[in-house]
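Here is the structure we will look at.
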Amino acid sequence: MSSAPEIQAPAEAPGYHARRTLPLRVEAMRQLRRRRTLLMGGVLAALPFILIIAFAIGGTPGGGDGGGGGGSRINLMDVATESAANFAATCLFVSAGFLLVVPVALFCGDTVASEASWSSLRYLLAAPVPRARLLWSKLVVALGFSLAAMVLLPVVALAAGAAAYGWGPLKLPTGGALSTSDTVPRLALVVAFVFLSQLVTAGLAFWLSTKTDAPLGAVGGAVGLTIVGNVLDAVTALGTWREFLPTHWQFAWADALQPDLEWGGMLKGSAVSVTYALILFALAFRGFSRKDIVS
């Protein structure tokens with residue numbers, strides 16, 4: 001009795017390695033040349049200069065009571081023009097709640113959906129680029145551009161603030177000051193926390209990007225749900241349930257701008273955001289691996 005002929009998998013083409021497909025540098029250059037990347041970078045770089053002009057026209061900032069938050073967070077505006085460090089902290093304060101959400105949602109939500117909308121996604125996979133490799137390359141580059149956007153803002157603010165207000169210690173709205181040697185490390189810690197707190201936005205946008213062919217839907221969905229999170233966090237009747245909202249901890253970085261550094265709020269906020277982000281990234285990879293690519 002003869003056995004059935006054994007079917008052998010086709011051999012890979014000479015020189016082909018799945019890990020070498022869609023290199024990070026290639027994907028990074030593709031994303032860097034896109035108009036939305038240059039536009040987003042221009043907006044973030046222009047914000048410090050817009051604030052300097054506003055302060056010059058309106059006079060010394062102060063007296064804002066903004067409502068709805070801790071005093072040190074709101075009163076950062078009162079000391080915005082004391083030094084370059086104060087100005088950079090103020091730029092982060094006014095942008096962390098919404099403006100810095102936009103580049104994260106844009107870079108992570110547009111990356112896969114835009115390929116589908118251009119009908120180029122199936123050609124990338126036919127190259128052949130493995131699905132997991134394609135998502136990994138796009139996710140790493142998107143997170144890299146998101147981090148670059150968050151670094152760009154305080155760097156430009158420090159340079160512009162040094163020219164406009166001079167270099168000096170970071171004066172605290174609650175009294176006292178951080179030494180000049182502590183200023184840059186503390187601001188770097190703030191940027192690191194803001195990035196970690198936005199990972200949940202990145203995860204949501206990336207997951208939506210694998211679900212739709214409309215980039216605007218993925219980006220808008222991530223931004224919209226972030227706004228919903230802010231609204232829910234304002235509902236004090238939810239009590240301790242608000243601590244499970246990533247937006248509840250978005251200004252916990254204010255603890256880094258105190259004489260005695262406090263880690264509690266930042267650690268809790270980072271843990272909540274990273275947990276949600278890992279779940280959403282896993283859903284994106286799992287769903288995309290089974291998705292029929294027709295565009």
If the plane angle is over 60° it's perpendicular, under 30° parallel, otherwise tilted; pick one for [X] and [Y].
X	Y	value
Phe206	Phe281	perpendicular
Phe55	Phe87	perpendicular
Phe107	Phe145	tilted

Exam field: side chain [X] to backbone [Y], donor-acceptor pair closer than 3.5 Å:
X	Y	result
Thr212	Gly217	no
Ser273	Gly269	no
Arg242	His248	no
Ser209	Gly109	yes
Trp249	Ser270	no
Asp110	Pro215	no
Tyr276	Leu199	no

Minimum side-chain heavy-atom gap [X]-[Y] below 4.5 Å:
X	Y	answer
Phe288	Val112	yes
Met77	Thr90	yes
Gln250	Val101	no
Ile52	Tyr165	yes
Leu196	Met266	no
Trp263	Leu189	yes

Nearest 0.5 angstrom please: Leu208 CG to Cys108 SG, how far?
11.5 Å
CG-CZ distance between Leu135 and Phe285, expressed to the nearest 0.5 angstrom:
5.0 Å
Which heavy atom of [X] sits nearest a heavy atom of [Y], and at what distance?
X	Y	answer
Leu178	Pro259	CD2-CA, 4.1 Å
Leu245	Val272	C-CG1, 4.3 Å
Gly168	Ala85	O-CB, 4.3 Å
Leu280	Val200	CD1-O, 3.8 Å
Pro154	Ala88	O-CB, 4.1 Å

In terms of side-chain geometry, is the basic nitrogen of Lys138 or Glu27 positioned less than 4.0 Å from the acidic oxygen of its partner?
yes
For residues 79-92, which residue pairs qualify under salt bridge (Lys or Arg N to Asp or Glu O under 4.0 Å), counting only residues two or more places apart or in two chains?
Glu82-Lys171
Residues in side chain to side chain contact (heavy atoms under 4.5 Å, CB included) with Leu38, at least two apart?
none
Contacts of Ser181 that satisfy side chain to side chain contact (heavy atoms under 4.5 Å, CB included) - sequence neighbours left out
Ser179
Count I, L, V, M, F, W, Y as connected when their side-chain heavy atoms are under 4.5 Å apart, and connections chain through other members. Are [X] and [Y] then in the same cluster?
X	Y	answer
Leu106	Leu216	no
Phe193	Leu278	yes
Val184	Leu187	yes
Val190	Leu267	yes
Trp241	Val228	yes

Is Trp167 atom CH2 crowded by more than 12 heavy atoms from other residues, nucleotides or ligands, each under 6.0 Å away?
yes
Give a yes-or-no answer on whether the side chains of Gln31 and Arg36 include a donor-acceptor pair shorter than 3.5 Å.
yes
